[in-house]
Amino acid sequence: MKLCCKICDGSETNGSYEAREMMFGLRTRFHYAQCANCGSLWLMDPPDDFGAYYPKGYYSFATRNGGMKAAIIEYLRAKRDKTYFGSKDVLGRFLSWRYKNSDLTAVSKLSAKPDTRVLDVGCGSGQLLHRMAALGFRNLVGADPYLSNDFQNGNGVRIRKCRLEDMAGDKYDLVMFHHSLEHVADPVSTLRTVARILAPGGKCLIRLPVVAHAWERYKANWVQLDPPRHMWLPTEKAMGMLAESAGMSMQRVDYDSTDFQFWGSELYARDVPLRDLPLRGVPWRAVSSFCANPLDLSVHFRRKEIREFHRKSLTLNREGQGDQAAFYFSGKP
């Protein structure tokens, strides 16, 4: 299989792999090749129309429901979220430990201020931006080409149905990709656009899956391969090359993988789609609920296995071998 790696221009491969769409259980087959130089994985046969793979039930498009239960959950989320930015509230600190929000944890390490101009690329329904608005951030913009339309709420969050390139005339202090950069065909071109719209001294935060231990263990059944939505997946080495190609520098890497890399991949190896998992009292589209994991795994795994998955994920993060990470890039001073 011929390869042209957009990260390092490599043409040699370490092999090709056939994988299936398993989030929704469509089982459509796709093929990935791995660059022999930088280790990145590339989707070789993307579909002509991606619409079928981003249906209304796709998790990032989910919106919050109203009612008393939702109001209580929102109150508790706010308590938790404030601890990432300095609050010492005891309940909030417990919730941040028990129900960690990796998105806000990553953002909190950037020393962003309320007037920081923020762009969230691939924002979905804008859940993270709304969380940030509740914390006092005032200049929040989101972009996602798969939305049905633009929308703006009274809290100042603006969400646009567009691609990053459509916003090239604006300037931002922080551009974020929370598990969205792997959905674009040409990450180098995308990051060069980011470099152009960053204000002097601006930052770029990229969170995405990383080719490491889980890939080596599960190969085509690795849950974060996620064909065909994930068009490429990098190694840490490749992310350093990407930063350099875009004229930015990589300042920091924090691995934040979870036990999902194990139980999700084990399910795929057993031919069980995520869509088929029962949930603990919430609809499937609410997979990003306040609960750390609203899926009921007891049908497929013993508690001891789940605990071991969690322990192993923490160990891999410490060793720099987790299957996802936050990369902090800096633009020109």
Got a sec: does the NE2 of His310 have more than 12 other heavy atoms crowding it under 6.0 Å?
no

Flag side-chain contact, heavy atom, 4.5 Å: Phe329 against Val175:
no

Does atom CD of Glu18 have more than 12 heavy-atom neighbours from other groups under 6.0 Å away?
yes

Closest heavy-atom pair and its distance - Val210, Glu236:
CG1-N, 4.0 Å

In short, Ala33 meets Leu3 closest at the heavy-atom pair CB-CD1, 4.4 Å

Please tell me whether Gln224 and Gln324 have a donor and an acceptor in their side chains that are separated by less than 3.5 angstrom.
yes

Looking at side-chain heavy atoms only, is the closest gap between Ile7 and Pro234 below 4.5 Å?
no

How far apart are the C-alpha atoms of Tyr268 and Met23, what are their side-chain angles, what is the distance that settles it, and do they pass the side-chain contact (heavy atoms from CB on, under 4.5 Å) test?
CA-CA 9 Å; Tyr268 284 10; Met23 177 184 283; 4.1 Å; yes

Check whether NZ of the Lys or CZ of the Arg Arg117 lies under 6.0 Å from the centre of the six-membered ring of Tyr172 and within 45 degrees of that ring's axis.
no

Measure across Leu208 and Ile206 and return the closest heavy-atom pair with its distance rounded to 0.1 Å.
CD2-CG2, 3.8 Å

Are there more than 12 heavy atoms of other residues, nucleotides or ligands under 6.0 Å from atom CD of Glu165?
yes

State whether the side chain of Asp103 and the backbone N or O of Leu128 hold a donor-acceptor pair below 3.5 Å, judged by distance alone.
no

Closest non-hydrogen atoms of Ile159 and Gly124, given as atom of the first, atom of the second and distance, are CG2-O, 4.1 Å

When clusters are formed by joining ILVMFWY residues with side-chain heavy atoms under 4.5 Å apart, either directly or through shared neighbours, do Phe260 and Leu314 land in the same one?
no

For Phe177, does its backbone N or O pair with a side-chain atom of Ser180 as donor and acceptor, under 3.5 Å?
no

Test: Lys82 and Asp89 ion pair at under 4.0 Å
no

Test log, rule side-chain contact (heavy atoms from CB on, under 4.5 Å), inputs Asp323 and His213
CA-CA 7 Å; Asp323 82 329; His213 173 86; over 6 Å; no

Are Tyr32 and Trp215 close enough that their ring centres sit under 6.0 Å apart?
no

Does this structure show an ion pair linking Arg229 with Glu182, if we count only N-O contacts that are shorter than 4.0 Å?
no

Report the C-alpha distance between Arg311 and Glu308 in whole Å, list the side-chain angles of each, state the deciding distance to 0.1 Å, and finish with yes or no for side-chain contact (heavy atoms from CB on, under 4.5 Å).
CA-CA 5 Å; Arg311 185 199 66 78; Glu308 179 59 20; 2.5 Å; yes

Would you call Glu266-Arg217 a salt bridge at under 4.0 Å N-O?
yes

Tell me if the aromatic rings of Phe262 and Phe301 count as close, with their centers under 6.0 Å from one another.
no

Heavy atoms only: give me the nearest Trp42-Cys5 pair and the separation to one decimal.
NE1-SG, 3.3 Å

Check this for me: does any side-chain nitrogen of one of Asp81 and Lys79 sit under 4.0 Å from a carboxylate oxygen of the other?
no

Please examine the side chains of His178 and Val107, heavy atoms only from C-beta on, and report whether any two atoms are closer than 4.5 Å.
yes

Check the surroundings of atom CZ in Arg20: do more than 12 heavy atoms from other residues, nucleotides or ligands lie under 6.0 Å from it?
yes

CZ of Arg302: more than 12 outside heavy atoms within 6.0 angstrom?
no

Would you say the side-chain atoms of His183 and Tyr54 include a donor-acceptor pair closer than 3.5 Å?
yes

Report yes if some heavy atom in the side chain of Leu181 is under 4.5 Å from a heavy atom in the side chain of Arg207; otherwise report no.
no

Would Arg27 and Asp271 pass as an ion pair if we require N to O under 4.0 Å?
yes

Keeping the roles fixed (side chain from Lys161, backbone from Pro145), state whether a donor-acceptor pair exists under 3.5 Å.
yes

Atom CE of Met248 and atom SG of Cys204: how far apart are they, to the nearest 0.5 Å?
5.0 Å

Kindly indicate, with the supporting measurements, whether the criterion side-chain contact (heavy atoms from CB on, under 4.5 Å) is fulfilled by Thr193 and Arg196.
CA-CA 5 Å; Thr193 300; Arg196 289 194 295 271; 3.1 Å; yes

Got a donor-acceptor contact below 3.5 angstrom from the Ser330 side chain to the Lys203 backbone?
no

Residues Asp254, Lys109: salt bridge by 4.0 Å N-O rule
yes

Assert yes or no for the condition that the ring centre distance of Phe24 to Tyr53 is strictly below 6.0 Å.
no

Check: Ser96/Arg93 side-chain N/O donor and acceptor closer than 3.5 Å:
no

Is a side-chain N or O of Arg270 found less than 3.5 angstrom from the main chain of His300, in a donor-acceptor match?
yes

Side-chain heavy-atom pair Leu119, Val141 within 4.5 angstrom cut-off:
yes

Which of Val121, Val194, Val118 passes side-chain contact (heavy atoms from CB on, under 4.5 Å) with Met176? It is Val118

Ignoring hydrogens and angles, tell me if any N or O in the side chain of Asp45 forms a donor-acceptor pair with the backbone of His31 under 3.5 Å.
yes

Min side-chain heavy-atom separation Leu41-Trp232 under 4.5 Å
no

Any side-chain heavy atom of Thr116 sitting closer than 4.5 Å to one from Pro114?
no

Hydrogens and angles aside, do Ser265 and Asn221 bring a side-chain donor and acceptor to less than 3.5 Å of each other?
no

Would you name the heavy atoms of Ala19 and Pro227 that are closest together and state the gap between them?
CB-CG, 3.9 Å

Testing the 3.5 Å rule here: is there a donor-acceptor pair between the side chains of Ser189 and Arg192?
no

Would you indicate whether the side-chain heavy atoms of Phe137 and Phe85 approach each other to under 4.5 Å?
yes

